[in-house]
Amino acid sequence: MEKTQPFPPILRHLSEPELQALIQEHGQVLETEKGETIVRQGQFLSALPIVLSGSVRVFQQRGDREIMLYYVMPGQTCMMSLTACFFNNESASQAVAMEPTRILMLPARFIAEWQRRFVSWNNFIIATFRKRYDELLDNFEAVAFETVEQRVMHYLKRRQSTNQKPKIDLSHQALANELGTTRVVISRILKQFEQEGLLRIYRGGVELR
């Protein structure tokens with residue numbers, strides 16, 4: 001980061017003055033476009049990404065199928081990237097910007113050292129693991145105990161609530177990627193929901209009734 005820039009307000013919970021000074025000295029801010037890949041699956045990471053603004057989708061890819069893991073929002077980091085940095089492993093996931101996104105990149109060599117030195121950084125790391133663990137557990141329970149139809153409707157309702165509008169701009173393939181299934185399955189379920197009067201399909205998205 002340029003030293004003339006103020007410390008990012010979204011990271012004020014990293015409260016120790018010495019830690020903030022180190023972040024400003026060693027951090028670099030990246031400006032990414034929508035759809036830009038930030039971390040590639042199988043990549044070794046030299047820096048930990050922390051989202052300052054925008055959002056990042058983290059997923060695993062197997063052939064032509066994707067399994068969505070979670071989203072990284074402002075003030076958060078990615079558990080998979082954190083693990084790869086900690087143990088110098090290949091990243092087990094891919095991270096892609098969902099919109100124009102600003103990311104703070106912190107050198108991986110500082111992560112463990114700062115955890116020993118700074119309480120707020122240690123709390124941030126622990127909170128990251130806890131939040132992502134809960135999200136992955138929720139995803140596992142949904143796959144294990146809900147039908148695909150239930151998962152589709154629950155996802156659409158959450159998306160509608162987040163967007164605060166009935167229309168959801170989302171292709172069938174994108175929805176299939178979010179839920180780890182195929183486009184054919186999603187198209188069949190959405191057509192079924194439309195016939196039941198639960199939603200209306202339009203080009204590039206759906207509208208819940």
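Just the heavy atoms: all of them, side chains too, but no hydrogens, waters or symmetry mates, feed the values below.
- Under the 4.5 Å side-chain criterion, counting only non-hydrogen atoms from C-beta, Val58 is not in contact with Tyr71.
- Here Glu207 pairs with Arg200 in a salt bridge; the nearest charged N to carboxylate O distance falls below 4.0 Å.
- Across every non-hydrogen atom of Met73 and Val51, the tightest pair is O-CB, 3.6 Å.
- The pair Glu99-Arg57 fails the salt-bridge criterion, with no side-chain N (NZ, NE, NH1 or NH2) lying under 4.0 Å from an Asp/Glu carboxylate O.
- Side-chain contact between Ile23 and Gln20: absent, with no pair of heavy atoms (C-beta onward) separated by less than 4.5 Å.
- In this structure, Glu31 pairs ionically with Arg102, as a charged nitrogen and a carboxylate oxygen lie closer than 4.0 Å.
- Contact record, Thr77 with Arg132: O-NH2, 3.3 Å, taken as the closest heavy-atom pair.
- Around the OH atom of Tyr133, the shell of radius 6.0 Å holds no more than 12 heavy atoms that belong to other residues, nucleotides or ligands.
- The aromatic rings of Trp114 and Phe110 lie parallel to each other, their planes meeting at an angle below 30°, with 60° marking the opposite boundary.
- Ser120 has its side chain within reach of Glu16: a pair of non-hydrogen atoms, C-beta onward, lies under 4.5 Å apart.
- A heavy-atom distance below 4.5 Å is found between the side chains of Met80 and Tyr70.
- Between Arg158 and Glu178, none of the side-chain N atoms (NZ, or NE/NH1/NH2) sits under 4.0 Å from a carboxylate O, so this pair counts as no salt bridge.
- A distance-only check finds a donor-acceptor pair linking the side chain of Thr101 to the backbone of Ser55 [under 3.5 Å].
- The main-chain N or O of Phe124 is found under 3.5 Å from a side-chain atom of Thr128 such that the two form a donor-acceptor pair.
- Side chains of Gln150 and Thr147 form a contact here, defined as non-hydrogen atoms less than 4.5 Å apart.
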Under the salt bridge (Lys or Arg N to Asp or Glu O under 4.0 Å) rule, what do Glu149 and Arg188 come out as? Steps first, then yes or no, please. CA-CA 10 Å; Glu149 289 81 1; Arg188 174 182 59 79; 3.7 Å; yes

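- The local environment of CZ in Arg159 is crowded, with over 12 non-hydrogen atoms from other residues, nucleotides or ligands closer than 6.0 Å.
- With salt bridges taken as basic N to acidic carboxylate O contacts below 4.0 Å, none links Glu113 and Arg109.
- Checked options Asn177, Val184, Leu190; the residue passing with His172 is Leu190 (criterion: side chain to side chain contact (heavy atoms under 4.5 Å, CB included)).
- Both the sub-6.0 Å distance and the 45° axial angle are not jointly satisfied by Arg12 relative to the ring of Phe7.
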Given Gln60 and Gln94, is the side-chain contact (heavy atoms from CB on, under 4.5 Å) satisfied, shown in steps? CA-CA 6 Å; Gln60 288 185 322; Gln94 189 129 324; over 6 Å; no

